[in-house]
A.B. asks: 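Sharing a structure here in structure tokens format.
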Amino acid sequence: MPKPRLTEKRWKPEHEVELQKKWKEEKLYGFNEDTEKEILVIDNPPIYPSGSKELPLNPGQLVSYNYIDMVARTSRMHGKEVLYPHCFDRNGIKIERMVKNETGKNSRETGREEFNRLCEEKLDRMEKLINEVFYRCGLSFQEGKHIYRTDSEDYRKLTQQTFKELWDHGLIYEDHRPNNWCPNCRTAIAEAEVEYKEGSTTLNHIKFKLPDGEEKEIATTRPELLAACQAVLVHPDDERYTQLHGENIEIPIYNRKVPIIPHHYAEKDFGTGMLMICSYGDKADVKIFRELNLDPIEAINKENRMTQRTGSYEGLTVEEARETIIKNLKEEGLLTKQEQTHHRKPVCEACGTRIELIPMKEWYLNQTKFLNQIKGKADEIEFLQPQHKRTLLDWTESVTIDWAVSRRGAYATEIPLWYCLKCNHPIVPEIKRYYRPWKEEPPIEECPKCGGKEFKGEEKVFDTWMDSSISNLYVAGYRRNEERMEKTYPEKIIRVQGRDIIRTWLYYTILKNIQLKDQKAFGKVWIHGMGLNEKGEAMSKSKGNFPDPKPLIEQNGVDALRFYAAEEANIGEDYRVSEERIKGAKKFLTKLWNTARFVSMFEQTEKPSEIKETDKWILSELNRLIQECEEGYSRYNFFPVANKVKNFVQNQFASHYLEMVKKRAYEEDQSALYTLHTVLRKIIKLIAPIAPHITDKIHRELYEGSIHREMMPKKEKEAEHGELTETLMEFNHSVWKNKKDQGIALKEEAKDTSIPKELEPFKEDLVQMHNIKGE
RNA sequence: GGGUCCGUAGUCCAGUGGUUAAGACGCUACCCUUACAAGGUAGAGAUCGGUGGUUCAAAUCCGCCCGGACCCACCA
């Protein structure tokens, strides 16, 4: 009995860490800029270092980054030079809020300089925690000069440079208009950052007075906005109010008259059929103010308090004002009814605070002009999961207003802009380096408009999507490495991301690339589904409804997690993270290990001149498997690969072929030894992108060097006997079942057994395997 | 209200017109058989959401209904 070269009886996840060390020493995953090979740039999502000390990542995120690593490894094994930078998104209000919660102070209290320093420290700490987990996964991204952080001077400079380009194209303008304002984060936020919470609220019926003294009831959920009411709408066909069209009606408390206007927006069946339009109760108000050209009255300020326009309510918070005004209306008999109604209130995605629509000056990027072009470019980009293109198109269709790109944050890329102190003219200088206008001298001599010599720096910063929407350009080398840009942009770039950020990251990137380069942003888009928890709910950091991913890896190994992720669902579909099923994947890895262990007992041989029939059969099955894997890998879909390889290893190679070939193998039949090693070697390559540790361990122990320098096996010319698989497996099962029914051991003689005619070629091996006499 | 997708065993997930519906997890029984008991062998478990139609033939195509997920709009 020969000794196996793989001595351990099981695959041990501890080997993963040793291998990762080797990979690092051998610099396996570098990027060679001067390569002759085809380059693939992986525009992968810079991770945002949020979460908590205990749980910097949820299991779904961890799977996402492992999926992306599979894309990189697959491409390398297809002979590509892969640029796959490790990257962090480190700008914006999320980190500011974390610092505020920890220190209890905001940037005005600590000073902006100090606050930014605290943000940076916090980010560095979070980054370390994330890296601990990433390194334990053995992700094959590049660090060193290829790592990037969106808050680095280099990256922020590019954000500012591209802003300058947009400015020069005339796409940036300042406007005073209602914005989604988060009173807690103290900044305007984009439409995509607004979430809606279901709930019930009180609908108050309030008496308004007609000129003839008659009273009409109007229902509202926002009575504190009475002071900002500028019109009352009724449906044009509502017969109750036809004679009132064009009349004036008097607002209670303020005794101010506003017109009654017929408008389709008013529904006959809701409330009393009469509705008051205020600046601004909701998005519909904004639309109608614009449509009817009404004069807005500012009732709520940025501190979430009532303004002097609300009279005696000045200084109260919105909630206090609502309570007080309801009390006052009751006292005066003007409140006739209160009922509960269902609605959704808009809240800040980052902190959950109710947002208000407050008019303010912000910088806008024209996006509405480009919506048709976005759809056009989307058609040029190959969506590897076509089902997700719909989400992008639907979102594009729903965009109605331009993108407010300025924010009132502290830790973010500064808007590189100065105002002339004399004439207030805004100036964006040539971007020669990264500028911080709130603390730096302007790189400007004099105002081009009035010749003024003194300037004031802009204090506002950019929405973080302004940074991340140029990630593909940054990585491809825009304005930094024109040669790489030339070679890769846009066709050789693949965008990899989750379906949760289609409306933001994907949409904004496509928009910016049209505006800056009039190009599609990348050749391909690859979108994965979301990891759900065991109940099927989306995992969210704010809810904390997920398990800690670290023990999952420690106990099962990252290869088990990855194999699980690959075999669980087609790329693009959501999947439930299940510990039980990860353990199942680990069992398969053990099976693979032991299969390799068996093969490792035998010497490798040259290809003999004659291959025996049974060996031809398994080689033909292997060929079929390779082809099926090729189909999966061509779309970076690991699902068919994992499932087909697992099925082949467990249900064909191990259960049938190994049993059939054992006798010949022990006798050192050259055809058997050659086939055993050929099949093993190819199947570990087939799943090397999915399970990079165990396959590399086997490869290093049995063959030469790392598997991660090898190419993916290619299909060879048709081998024989593929059509006999079913018959062969059925025959074996029937013999096993007979022996079991007769209560005899598998090695006992199989009596009354005859080999079917089609299986004649395998006769000798079958006779040995089942111990068939008299054949 | 408009749209997209989905519904296959206790669970997950293949199968897009053609014998008996694939596989995995879990479950049951037997077996330490010399690669593997974190294993092997055998087995139970599905009227393919319901219903009507097209067809020689439907899990698969079409209509309607039920259930679920997501997106958009609306929510005075």
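Labels below follow one simple rule: chain letters A, B, ... track the order of the sequence lines, proteins then strands, and each chain is numbered from 1.
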A.B. asks: Could you give the distance separating rC30(B) and rU51(B) at their P atoms, to the nearest angstrom?
C.D. replies: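 Rounded to whole Å, the distance is 40 Å.
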A.B. asks: From the list rG39(B), rU41(B), rA35(B), which nucleotide is the closest neighbour of the side chain of Lys587(A)?
C.D. replies: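 The answer is rG39(B), which lies nearest to the side chain.
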A.B. asks: Does Lys737(A) make a side-chain donor-acceptor contact with the base of rA42(B), cut-off 3.5 Å?
C.D. replies: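 Check fails, no donor-acceptor contact within cut-off.
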A.B. asks: Does the pair Glu8(A)/Arg10(A) count as a salt bridge with the N-to-O cut at 4.0 Å?
C.D. replies: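 Between Arg10(A) and Glu8(A) there is no salt bridge, as every charged N stays at least 4.0 Å from the carboxylate O atoms.
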A.B. asks: Could you let me know what rG1(B) is paired to, Watson-Crick or G-U wobble, both distances under 3.5 Å, or none if it's on its own?
C.D. replies: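 Base-paired to rC72(B).
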A.B. asks: State whether the number of non-hydrogen atoms from other residues, nucleotides or ligands found under 6.0 Å of Glu215(A) atom CD is greater than 12.
C.D. replies: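 It does: Glu215(A) CD has more than 12 such atoms within range.
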A.B. asks: Where the side chain of Asn594(A) is concerned, which of rC71(B), rC12(B), rC36(B) is the nearest nucleotide?
C.D. replies: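 Closest of the options to the side chain of Asn594(A): rC36(B).
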A.B. asks: Return yes if the base of rC36(B) and the side-chain atoms of Lys591(A) contain a donor-acceptor N/O pair under 3.5 Å, otherwise no.
C.D. replies: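 Side chain to base: pair found, below 3.5 Å.
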A.B. asks: Closest to the Glu580(A) side chain: rU4(B), rC25(B), rC13(B)?
C.D. replies: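 Of all the options, the side chain of Glu580(A) is nearest to rC25(B).
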A.B. asks: Closest approach to the side chain of Lys662(A), judged atom by atom: which nucleotide of rC25(B), rA35(B), rU4(B) is it?
C.D. replies: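 Comparing rC25(B), rA35(B), rU4(B) against the side chain of Lys662(A), the answer is rA35(B).
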A.B. asks: Which part of the nucleic acid, if any, lies within contact of Ile277(A), taking any heavy atom under 4.0 Å across all strands shown: a base, the sugar-phosphate backbone alone, or nothing?
C.D. replies: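 Here Ile277(A) touches no strand at all.
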A.B. asks: Quick check: Trp593(A) with His693(A) (ring centres under 6.0 Å apart)?
C.D. replies: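 Between His693(A) and Trp593(A), the centre distance exceeds or equals 6.0 Å.
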A.B. asks: Taking a pair as Watson-Crick or G-U wobble with both distances under 3.5 Å, which nucleotide is matched to rC61(B)?
C.D. replies: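 Pairing partner, where one exists within any strand: rG53(B).
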A.B. asks: Rounding to an integer number of angstrom, what distance separates rC32(B) and rA37(B) when you compare their C1' atoms?
C.D. replies: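 Approximately 7 Å lies between the C1' atom of rC32(B) and that of rA37(B).
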A.B. asks: Side chains of Gln768(A) and Asp765(A): does their closest heavy-atom pair fall under 4.5 Å?
C.D. replies: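 Not touching, per the 4.5 Å side-chain cut-off.
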A.B. asks: Side chain of Glu659(A) only, heavy atoms from C-beta on: which candidate in rA42(B), rA14(B), rA35(B) is closest?
C.D. replies: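 Nearest listed nucleotide: rA35(B).
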A.B. asks: Determine the contact category for Asp285(A): base if any of its heavy atoms lies under 4.0 Å from a base atom, sugar-phosphate if only primed atoms, P, OP1 or OP2 are that close, otherwise nothing.
C.D. replies: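 No contact at all - Asp285(A) keeps every heavy atom at 4.0 Å or more from the nucleic acid.
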A.B. asks: Within the 4.0 Å heavy-atom criterion, would you say Glu397(A) contacts the bases, only the backbone, or no part of the nucleic acid?
C.D. replies: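 It contacts nothing in the nucleic acid.
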A.B. asks: So what does Phe588(A) hit on the nucleic acid, given a heavy-atom distance under 4.0 Å: a base, only sugar-phosphate, or nothing?
C.D. replies: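 Phe588(A): no heavy atom of the nucleic acid under 4.0 Å.
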A.B. asks: Just checking, any donor-acceptor pair under 3.5 angstrom between side chains of His205(A) and Glu339(A)?
C.D. replies: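 Yes, a side-chain donor-acceptor pair sits under 3.5 Å.
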A.B. asks: Looking at Lys268(A), is its backbone amide N or carbonyl O close enough to the side chain of Arg240(A) to form a donor-acceptor pair, meaning the two atoms are under 3.5 Å apart?
C.D. replies: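 Yes.
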A.B. asks: Answer yes or no: does a side-chain N or O of Lys9(A) lie under 4.0 Å from OP1 or OP2 of rA37(B)?
C.D. replies: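 The answer is yes; a side-chain N or O of Lys9(A) sits under 4.0 Å from OP1 or OP2.
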A.B. asks: Using both distances under 3.5 Å as the test, list the Watson-Crick or G-U wobble partner of rA42(B), or none.
C.D. replies: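 Answer to the pairing question: rU28(B), which forms a Watson-Crick or G-U pair with rA42(B).
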A.B. asks: Using the C1' atom as the point on both nucleotides, what is the distance between rU28(B) and rC61(B), in whole Å?
C.D. replies: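 The answer is 40 Å between these two C1' atoms.
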A.B. asks: Taking the C1' atom in each of rU16(B) and rC5(B), what is the distance between them to the nearest angstrom?
C.D. replies: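 The same atom, C1', in both gives a distance of 16 Å.
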A.B. asks: Please say whether more than 12 non-hydrogen atoms of neighbouring residues, nucleotides or ligands are located less than 6.0 Å from NZ in Lys375(A).
C.D. replies: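 Correct, the count exceeds 12.
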A.B. asks: Name the residue closer to the 5' end of RNA chain B, choosing between Tyr575(A) and Phe598(A) according to the nucleotide with the nearest heavy atom.
C.D. replies: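 The 5'-side residue here is Tyr575(A).
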A.B. asks: For rG7(B), give its Watson-Crick or G-U wobble partner with both distances under 3.5 Å, or none.
C.D. replies: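 WC or wobble partner is rC66(B).
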A.B. asks: Do any side-chain nitrogens or oxygens of His733(A) fall under 4.0 Å of OP1 or OP2 in rU41(B)?
C.D. replies: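 Checking rU41(B) against His733(A), no side-chain N or O comes under 4.0 Å of OP1 or OP2.
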A.B. asks: Could you pull out the closest heavy-atom pair between Leu702(A) and Gln604(A), with the gap in Å?
C.D. replies: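 Minimum heavy-atom contact is O-NE2, 3.0 Å.
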A.B. asks: Which value, in whole Å, describes the distance between the P atoms of nucleotides rG43(B) and rA24(B)?
C.D. replies: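 These two P atoms come out 13 Å apart once rounded.
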A.B. asks: Counting any heavy atom closer than 4.0 Å, what does Ala585(A) reach on the DNA or RNA strands: base, sugar-phosphate only, or nothing?
C.D. replies: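 Counting heavy atoms under 4.0 Å across all strands, no contact is made by Ala585(A).
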A.B. asks: What nucleic acid atoms does Lys586(A) come within less than 4.0 Å of, heavy atoms only: base, sugar-phosphate, or nothing?
C.D. replies: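 Base, at least one base heavy atom under 4.0 Å.
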A.B. asks: Taking the side chain of Arg597(A) as its heavy atoms from C-beta onward, which of rA24(B), rA35(B), rC12(B) lies nearest to it?
C.D. replies: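 That would be rA35(B).
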A.B. asks: Taking atom C1' in both rA59(B) and rU34(B), what distance in whole Å separates the two?
C.D. replies: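 Nearest-Å result for rA59(B) against rU34(B) at atom C1': 46 Å.
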A.B. asks: When only distance counts, do a donor and an acceptor, one from the side chain of Arg581(A) and one from the base of rC12(B), lie under 3.5 Å apart?
C.D. replies: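 Side chain to base: pair found, below 3.5 Å.
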A.B. asks: Using atom C1' of each nucleotide, how far apart are rU8(B) and rG67(B) to the nearest Å?
C.D. replies: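 The answer is 15 Å between these two C1' atoms.
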A.B. asks: Can you tell me the base-pairing partner of rU16(B)? Count Watson-Crick or G-U wobble geometry only, both distances below 3.5 Å, and say none if there is no partner.
C.D. replies: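 Partner of rU16(B): none.
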A.B. asks: Look at all strands and tell whether Ser600(A) reaches a base, only sugar-phosphate, or nothing, counting heavy atoms closer than 4.0 Å.
C.D. replies: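 No contact.
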A.B. asks: Nearest whole Å is fine: how far is rU11(B) P from Arg576(A) CZ?
C.D. replies: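 So the two atoms are 9 Å apart, to the nearest Å.
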A.B. asks: In whole angstrom, give me the gap between the P atoms of rC48(B) and rA22(B).
C.D. replies: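 rC48(B) and rA22(B) have their P atoms separated by 14 Å.
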A.B. asks: For Thr590(A), report the nucleic acid contact type (base, sugar-phosphate, nothing); a contact means any heavy atom under 4.0 Å.
C.D. replies: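 Since only primed, P, OP1 and OP2 atoms lie under 4.0 Å of Thr590(A), the category is sugar-phosphate.
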